[in-house]
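For reference, the structure is listed below as structure tokens.
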Amino acid sequence: MSKKVLVFADRKEGQLRQVTLESISAARTIVDDGEVTVALLGSDARKETDTLTHHGADRVLLVEDSQFDSYITDAYFLAWQQVIDQVKPDFIVTGHTTVGKDVSPRIAAHFSFGLISDCIAIERNGDEVIYTRPIYAGKAFVKKSFRPGVQFVTIRPNNIPLISVDPSRSAQIEELTVPIKHDLLRTIVTNVVKKAATGIDLSEARIVVSGGRGVKSAEGFQPLQELADVLNAAVGASRGACDAGYCDYALQIGQTGKVVTPDLYIACGISGAIQHVAGMSSSKVIVAINKDPDAPIFQIADYGIVGDLFEVVPLLTKELKKLLPPA
Amino acid sequence: MNFLVCLKQTFDTEEKIVLKNGQISEEAVEFIINPYDEYAVEEAIRLKEKHGGEITVLTIGPDRTEQALRSALAMGADKAILVETEELEVELDEHSISQVIYAVLQEQDDEFDLILCGYMAVDDGSAQVGPRLAQLLQIPHVSTITSISVDGKNAAIEKDVEGDTEHIQTTLPLLVTTQQGLNDPRYPTIPGIMKAKRKPLTRYELDDLSLSEETIQSKTTQKEIFLPPKKTAGLILTGSIEEQVTSLIEKLNKEAKVL
């Protein structure tokens, strides 16, 4: 019997996240000739069906209901539970995002499933599927597999390569209603305060511009933000910069903080302490800008500029503006 | 109020990882309380200072983890539970660990009003045990919290959501996972350290708990640990700042093709 993979799509402010397409690609790696079902929650879910289908879905399950537009653990738990009961998957894949991280362990505990979180690579060895994930924030990696039972994984954004898009694909579209009684929801979101400077999520950004102690003040992040704007990048920081109060802890990259794997990481005024390097050394290309030629960051950088970031960064921004179309 | 803090002892974040016979070597390694769990300990102490109550800290691990529990007791926790896994030959994963904690809680006389766990451990980083435990206990959880205040049975929480802050209302009993920015953990004082030595610490072995082998049997299994390929130092650009910037853009565009 052919195997079934269930992908839970993830949206942020109504937009399908790239990691959802990566999850479908992962699903196709797991079962090339099996059935991939994508479940999508929220208003206007239907408008995404073509995208999901062209990227590899065989079935799309829509739970078109505005009560799933914002995330509440209990509501999502009930919806995921119902979807799983209906699909009866052999594998479940979703993004290692705010939603995926929060609800997946509860679902796994409820069904007594194993869960391998934050996978960065998936390979098949005969019938066995092997999942690679970082440990110690990427100072080491572990390959894991499942004992018999449902295989549930969350995947880290930006790591699973997309399979080719096929606009001629078609999929079966189904609708599902999940009744939610509001008095059963044990947590209520009363307000959301937007703090993020840009809409670009650090863990999903293709380019990250990051500042350390060398940025010297909260205002010192301004030239970095301007560079990030030109590159359509997210701004990050080292623990040093966060501890010094130059920026919010939400920006921290490292073993405490976020681990990022962008295509391009530009480290400005960051010395390269081991706990920071753990959070960014898997970036594809690393640029270091630092006054100190002996800073350890240069040992892992692909390109280094020894110089004052307050001179280098604005110049870089100015030159890139000439080259790149306005974001 | 009755508080439970689940914590893990981890490598200091400044430690390098060395493999020995395919396993991570613990030789000469400095251990600390997982930094995220330290926020949990600190927050429990602050809430206790405000509302009164008792704080239990719990860990699962080898004998050395007593040190982490003693540090938490020295900070201000009241009693500790250590589930020892020294001689254990079975593999434990997040499923097993949450089942073990659940079984320990069934053994306790007290019910906990608030359970605090670090949002993740800096070693495994899987961020599973907290929410798994909440599900087993059938209580709500809020993850990655950066603020909490309690009023009777109600809790007002601020949660970090990728840089934005969600304000959440919920009720006790509750499990929260703690995020950076929640607080600044205190250092234990000398009198605190002295007192900690005499605070009660209960040890369990897995055999003491009503757990079948099937219940704690891991759902996943580890095949191989490996280190990332060593990054070699790249090119330090030369020339005037203007020349270096021009050369960098050229290389990012043509050589690395990342623009």
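Since the model is a prediction, treat every value here as computed from it, not as a measurement. All values below were derived from every heavy atom in this structure, side-chain atoms included, with hydrogens, water molecules and symmetry-related copies excluded. Letters go in sequence order (proteins before strands), and every chain restarts at 1.
Ranked by heavy-atom pairs shorter than 4.5 Å toward chain B, the options A:Ile305, A:Asp74, A:Asp248, A:Leu324 are led by A:Ile305. Chain B forms the most heavy-atom pairs under 4.5 Å with one residue out of A:Val103, A:Ile274, A:Ile135, and that residue is A:Ile274. Between chain A and the options B:Lys159, B:Glu15, B:Lys257, B:Gln244, the largest number of non-hydrogen pairs under 4.5 Å is found for B:Gln244. Among the candidates A:Ala250, A:Ala301, A:Ala109, the residue making the largest number of heavy-atom pairs closer than 4.5 Å to chain B is A:Ala109. For the set B:His141, B:Glu14, B:Gln99, the entry with the most heavy-atom pairs within less than 4.5 Å of chain A is B:His141. The candidate from B:Leu133, B:Asp160, B:Leu227, B:Ile241 with the greatest count of non-hydrogen atom pairs under 4.5 Å with chain A is B:Ile241. Counting heavy-atom pairs under 4.5 Å between each of A:Ser117, A:Gly307, A:Gly138 and chain B puts A:Ser117 at the top. Among A:Gln299, A:Lys258, A:Arg206, A:Glu311, the residue with the largest count of heavy-atom pairs under 4.5 Å with chain B is A:Gln299. Put simply, of B:Glu224, B:Gln217, B:Gln222, the one with the most heavy-atom pairs under 4.5 Å next to chain A is B:Glu224. For the set B:Leu252, B:Thr238, B:Ile139, B:Asp184, the entry with the most heavy-atom pairs within less than 4.5 Å of chain A is B:Ile139. Taking A:Asp263, A:Asp118, A:Ile300, A:Val259 one by one and counting their heavy-atom pairs under 4.5 Å with chain B, the maximum is reached by A:Ile300. Taking B:Gln169, B:Lys230, B:Lys219 one by one and counting their heavy-atom pairs under 4.5 Å with chain A, the maximum is reached by B:Lys219.
Interface remark: A:Ser282 contributes no atoms to any contact with chain B (heavy atom separation under 4.5 Å). Only the side chain of A:Ile207 comes within contact range of chain B, with at least one heavy atom under 4.5 Å from a heavy atom of that chain. Of the two parts of B:Thr232, only the backbone, made up of N, CA, C and O, holds a non-hydrogen atom closer than 4.5 Å to a non-hydrogen atom of chain A. B:Asp123 touches chain A through backbone and side chain together, each having a heavy atom under 4.5 Å away. Using a 4.5 Å cut-off between heavy atoms, A:Ser281 touches chain B through its backbone atoms (N, CA, C, O) alone. For A:Pro262, no part lies under 4.5 angstrom from a heavy atom of chain B. When heavy atoms are compared at a cutoff of 4.5 Å, A:Val277 does not approach chain B at all. Of the atoms belonging to A:Leu316, heavy atoms from both backbone and side chain fall under 4.5 Å from chain B. If you measure heavy-atom distances from A:Ile130 to chain B, the contacts under 4.5 Å come from the side chain alone. Looking at B:Asn253, the atoms closer than 4.5 Å to chain A (heavy atoms on both sides) all sit in the side chain, from C-beta outward. Both the backbone and the side chain of B:Glu242 come within contact range of chain A, each with at least one heavy atom under 4.5 Å from a heavy atom of that chain. The contact between B:Ile24 and chain A is made entirely by side chain atoms (from C-beta outward), counting heavy-atom distances below 4.5 Å. With a threshold of 4.5 angstrom between heavy atoms, A:Leu323 approaches chain B through side-chain atoms but not through N, CA, C or O. Heavy-atom distances place the side chain of B:Leu248, and not its backbone, under 4.5 Å from chain A. Using a 4.5 Å cut-off between heavy atoms, B:Leu237 contacts chain A through both its backbone and its side chain. For a residue to count as touching a neighbouring chain, one of its non-hydrogen atoms must lie under 4.5 Å from one of that chain's; by this rule B:Lys16 touches chain A with backbone and side chain alike.
A:Asp308 contributes a side-chain N or O that, together with a main-chain N or O of A:Phe310, makes up a donor-acceptor pair within less than 3.5 Å. Distance alone, capped at 3.5 Å, places no donor-acceptor pair between the B:Ser218 side chain and the B:Thr221 backbone. In this structure, B:Asp93 contributes its side chain and B:Thr220 its backbone to a donor-acceptor pair below 3.5 Å. No side-chain donor-acceptor contact under 3.5 Å links B:Asp12 to the backbone of B:Val29. B:Thr177 places a side-chain N or O within donor-acceptor distance of the main-chain N or O of B:Thr144, the cut-off being under 3.5 Å. Remark: the backbone N or O of B:Lys8 is paired with a side-chain donor or acceptor of B:Asp37 at under 3.5 angstrom. Under a 3.5 Å cut-off, the side chain of B:Gln128 and the backbone N or O of A:Leu115 do form a donor-acceptor pair.
Side chain to side chain, A:Thr98 and B:Glu162 meet the donor-acceptor criterion of an N or O pair below 3.5 Å. Looking at B:Asn154 and B:Thr171, their side chains never bring a donor and an acceptor atom within 3.5 Å of each other. There is a side-chain donor-acceptor pair under 3.5 Å between A:Tyr303 and B:Glu255.
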Worksheet entry | Trace of the salt bridge (Lys or Arg N to Asp or Glu O under 4.0 Å) decision for A:Lys12 with A:Glu204 | CA-CA 12 Å; A:Lys12 189 183 185 184; A:Glu204 278 191 284; over 6 Å; no
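Geometrically, A:Arg133 does not engage A:Phe141 in a cation-pi contact, judged by NZ or CZ lying under 6.0 Å from the ring centre and within 45° of the ring axis.
The existence of a salt bridge linking A:Asp302 and A:Lys284 is excluded, since no basic side-chain nitrogen approaches an acidic carboxylate oxygen closer than 4.0 Å. Between B:Glu42 and B:Arg186 there is a salt bridge, with a side-chain nitrogen of the basic residue lying less than 4.0 Å from a carboxylate oxygen of the acidic one.
Against chain B, no residue from residues 148-158 of chain A qualifies, as none has a non-hydrogen atom under 4.5 angstrom away.
Aromatic pair A:Phe113/B:His95: ring centres not closer than 6.0 Å.
Using the six-membered ring where Trp is involved, B:Phe11 and B:Phe31 have ring planes that are perpendicular, over 60° apart on the 30 and 60° scheme.
Paired with A:Gln255 under the rule side-chain hydrogen bond (donor to acceptor under 3.5 Å, both in side chains), one option of A:Arg239, A:Lys139, A:Gln275 passes, and it is A:Lys139.
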